[in-house]
Amino acid sequence: MSEVLVIVERSESGVRKPTLELLTLARRLGEPSAVLFGPADDAVVAQLGEYGAVKVYAAADPVVGEYLVVPKVAVVSDLARRVQPAAVLLTSGPEGKDVAGRVAVRLESGVITDAVDVRPGADGVEADQSVVAGEYVATSTIVRGIPVITVMPNAVTPEPAPVTPAVETVAVEADLTGAARVVSRSPKAATGRPELADAAVIVSGGRGVGSAEAFGVLERLADTLGAAVGASRAATDEHWNPHEAQIGQTGKTVAPQLYIASGISGAIQHRAGMQGSKTVVAINKDPKAPIFAIADFGVVGDLHAVVPQLIDEIAKRTT
Amino acid sequence: MKIVVPVKYVPEPTATWNFSADLTLDREGVEGRLSELDEYAVEQAVRLTENGVDAEIVALTVGPAKATDALRRALAIGAHSGVHVLDEAIHGSDAVATSRVLAAAIGRTGFDLVVTGMASTDAEMSVVPAMVAERLGAAQVTFASALQVDAAAGTVTIRRDGDTASEQVQATLPAVVSVTDQTGEPRYPAFKAIMASKKKPVTTLSLADLGIAASDVGAAGSAVVVRSLTPRPPKQAGVVVEDEGDGAARIADFLVERKFL
């Protein structure tokens, strides 16, 4: 059976949930082989094996962290040429797309980005994408060369399929002339809440929230639901929330089970980032706000009154 | 120094987009404009020249005849000249094939720095800048939220804001940099600039001028094939209620009903 290369994204505690989703999808196409950058810690290897990675290719050279993209592109391309996988799967995101695009050029194949489903098809691997603000589903195949596909987080629920992976150390052989170099890195404070891309529930606020302080009440709502906190561009431009919380065309694309939008009008650039949400609740003073057209439940009202009451109503129903 | 800014002509976001029989986006039957995210790239190039970098800015587009509108807008924002790659054979190209054409045109034009937007507003793939860097053998930095050039040292310094950290990155020229909307709002060209843009030179190139065979582009030259485009049923209208002091309770009931609580 063919291998499927799955590019691993690490988190502080191990492996990011989207990587486990990739392993689950990879099993539809062949035998998953994880490509792991950084030290091959036992815990990480075990977690990859828990979700089906038959092999782990481990590339620990620190050059991967110092230079942008090029070392990963070299490792993935070289591996792909050597093992001729059925596909190369990466998670959609700035780095995933950079690597995917360059690998596709090196392999002279094709790349499909932001897939919401991947499966074997009649004439090769098939991927679905949600296009034109979610109005259409595009189904595509790559007819030449090794398919390179970036997959949206939350495309599938990760399914354990425990195996003990065989670990193979891989050297990083990359031509680094001209490669961009990271000169300094300033870590950002962790929020203690789920990552937006992974979160099952997102509480999100927009211009109607009115201030950074007022976002506090949305954060309390998020904490009662174990949710992540997101924001529209209007709110992040006002610095009521950091830029990495922004959901929308120039921010994150999310597809949670539940998206609660407060004080968000629902402009097309915002909808582009959250239209994959399974259930949408909207609170807005303006009955004509476009967000109501895509909400499953909407309340026309003042979020500053409704949200604190909602926290109480949830408490009543969960004790 | 020479800065090339690739720009894309895209359908107007507020218009209805349709697909043609060959499953490509219909770019003829719809109003188009310079992709909004590319305006940030043109703006950054212009700001570099205003901040002391002695550079010629060339706006480049690959697209149908109407794509010159995108070039004219870029020229009005401040690019000095335009290049339009116009060839029917390019229609239906996937991202890999498109990057081949862009890289060839950039190479032919000559460049020290390529500045692009972070994504197109139609395909929204965000892969072309990296592919172009790969083909040109240039340094690559994508999703820059701030950009500075040291022409004497031949370096670019970029800030990238990720989820868990902010990074300062340095690259030597030649480089390809994509910029986000965090880099600063593009100027709205004054009437004088719009008039002046009509006189700025635009060169039109064909695939033959780039030494690219028709078989390397278009549907024939593309590894990705779209098999189908299926409209999603429009979302069922949900329930919308006025808050009469009971809005929160009703939301909570809805969450219970949908098993979120």
Side-chain angles (χ1 to χ4, degrees), chain A residues 68-69 94 97-98 100-102 104-106 109-113 126 132 134-145 178-188 195 201 243-244 249-250 258 268 279 281 292-302 305-306 309-310 313-314 317-318, chain B residues 13-14 17 37 94-96 99 118 121 125-128 130-131 134-135 137-143 161 163-172 180-182 222-232 235 237-243 247-252 254-256 258 260-261:
Chain A
L68 290 190
V69 180
K97 288 184 172 185
D98 282 352
R102 294 186 70 147
V105 169
R106 287 198 188 190
S109 66
V111 61
I112 293 172
T113 57
E126 254 178 28
V132 189
E135 285 177 36
Y136 292 84
V137 176
T139 300
S140 305
T141 52
I142 292 168
V143 299
R144 191 177 67 225
R181 207 169 46 88
V182 179
V183 168
S184 70
R185 193 175 262 127
S186 317
K188 296 184 176 176
E195 279 190 49
V201 181
H243 178 62
E244 54 270 17
Q249 189 181 57
T250 56
L258 173 64
I268 192 166
T279 302
V281 170
F292 288 122
I294 59 161
D296 296 281
F297 196 88
V299 169
V300 179
D302 182 355
V306 175
Q309 287 166 0
L310 178 57
E313 295 291 339
I314 288 171
R317 287 162 181 69
T318 51
Chain B
T14 51
W17 297 8
L37 296 178
D94 68 0
V96 168
S99 68
M118 62 189 276
T121 53
M125 292 182 75
S126 283
V127 288
V128 165
M131 291 179 170
E134 174 74 29
R135 291 183 184 279
Q140 168 210 311
V141 187
T142 54
F143 301 95
D161 293 322
D163 289 343
T164 51
S166 213
E167 294 170 329
Q168 286 282 104
V169 175
Q170 199 169 78
T172 49
T180 71
D181 61 332
Q182 298 296 298
S222 296
V224 179
V225 175
V226 178
R227 292 289 182 215
S228 64
L229 278 160
T230 312
R232 273 225 170 92
K235 189 160 179 171
V239 174
V240 181
V241 304
E242 286 270 342
D243 180 33
R250 296 189 66 168
I251 294 174
F254 173 80
L255 294 180
V256 169
R258 294 291 181 102
F260 288 110
L261 295 179

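Chain A is the first sequence line, chain B the second, and so forth, proteins listed ahead of strands; every chain is numbered from 1. Being a predicted model, the structure only gives us computed values, none of them experimental.
- The CD1 atom of Ile251(B) sits 10.0 Å away from the CD atom of Glu313(A) when rounded to the nearest 0.5 Å.
- Ranked by non-hydrogen atom pairs under 4.5 Å with chain B, the options Arg181(A), Glu244(A), Glu126(A), Gln309(A) are led by Arg181(A).
- Residues Val111(A) and Met125(B) meet the side-chain proximity criterion, which asks for heavy atoms closer than 4.5 Å.
- Closest approach of Ser222(B) to Val143(A), counting heavy atoms only: O-CG2, 4.2 Å.
- Most heavy-atom pairs under 4.5 Å with chain B: of the set Gly101(A), Ser140(A), Ala104(A), this distinction falls to Ser140(A).
- Of the residues considered (Ala180(A), Ser109(A), Gly301(A)), Ala180(A) shows the highest number of contacts with chain B, using heavy-atom pairs under 4.5 Å.
- Two residues are said to be in side-chain contact when any heavy atoms from C-beta on lie closer than 4.5 Å; Met118(B) and Thr250(A) meet this criterion.
- Per-residue counts of heavy-atom pairs under 4.5 Å with chain B were compared for Thr279(A), Thr318(A), Ile294(A), Thr141(A); the largest is that of Thr141(A).
- Among all heavy-atom pairs drawn from Val256(B) and Arg317(A), the shortest one is CG2-CD, 3.6 Å.
- Interface residue Val183(A): backbone and side-chain heavy atoms are both found under 4.5 Å from chain B.
- With rounding to the nearest 0.5 Å, the separation of CG in Leu68(A) from OG1 in Thr142(B) is 7.5 Å.
- For the options Gly247(B), Ala249(B), Ala139(B), Ala171(B), heavy-atom pairs under 4.5 Å to chain A are most numerous at Ala249(B).
- Rounded to the nearest 0.5 angstrom, Glu167(B) CD and Arg185(A) CZ are separated by 4.5 Å.
- In this structure, Leu255(B) and Leu258(A) have side chains that are in contact, with non-hydrogen atoms separated by less than 4.5 Å.
- Only the side chain of Val96(B) comes within less than 4.5 Å of a heavy atom in chain A; its backbone stays farther off.
- If you measure heavy-atom distances from Val69(A) to chain B, the contacts under 4.5 Å come from the side chain alone.
- Most heavy-atom pairs under 4.5 Å with chain B: of the set Gly145(A), Ala293(A), Ala138(A), this distinction falls to Ala138(A).
- When all heavy atoms of Lys97(A) and Ser126(B) are compared, the pair lying nearest together is CD-CB, 3.9 Å.
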Verdict with supporting geometry, Asp163(B) and Lys188(A), side-chain contact (heavy atoms from CB on, under 4.5 Å): CA-CA 8 Å; Asp163(B) 289 343; Lys188(A) 296 184 176 176; over 6 Å; no
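- Between chain B and the residues Ser184(A), Pro187(A), Pro94(A), the largest count of heavy-atom pairs under 4.5 Å involves Ser184(A).
- Contacts with chain A were tallied for Thr14(B), Thr180(B), Leu261(B), Val225(B); Val225(B) has the most, counting heavy-atom pairs under 4.5 Å.
- Residues Ala223(B) and Gly110(A) share a closest heavy-atom pair of CB-N, 3.7 Å.
- Expressed to the nearest 0.5 Å, how far CZ of Phe254(B) lies from CG of Asp296(A) amounts to 5.0 Å.
- In this structure, the portions of Ser186(A) lying under 4.5 Å from any heavy atom of chain B include both its backbone and its side chain.
- Proximity to chain B (any heavy atom under 4.5 Å) is restricted, for Ile268(A), to the side chain, taken from C-beta onward.
- Between Tyr136(A) and Trp17(B), the closest heavy-atom pair is OH-O, 4.2 Å.
- Residue contact with chain B, scored on non-hydrogen atoms closer than 4.5 Å, is absent for Ala100(A).
- Among all heavy-atom pairs drawn from Ala252(B) and Ile314(A), the shortest one is CB-N, 4.5 Å.
- No other option in Arg258(B), Arg250(B), Gln170(B), Arg135(B) has as many heavy-atom pairs under 4.5 Å with chain A as Gln170(B).
- Atoms CG and NE2, on Asp181(B) and His243(A) in that order, are 5.5 Å from each other to the nearest 0.5 Å.
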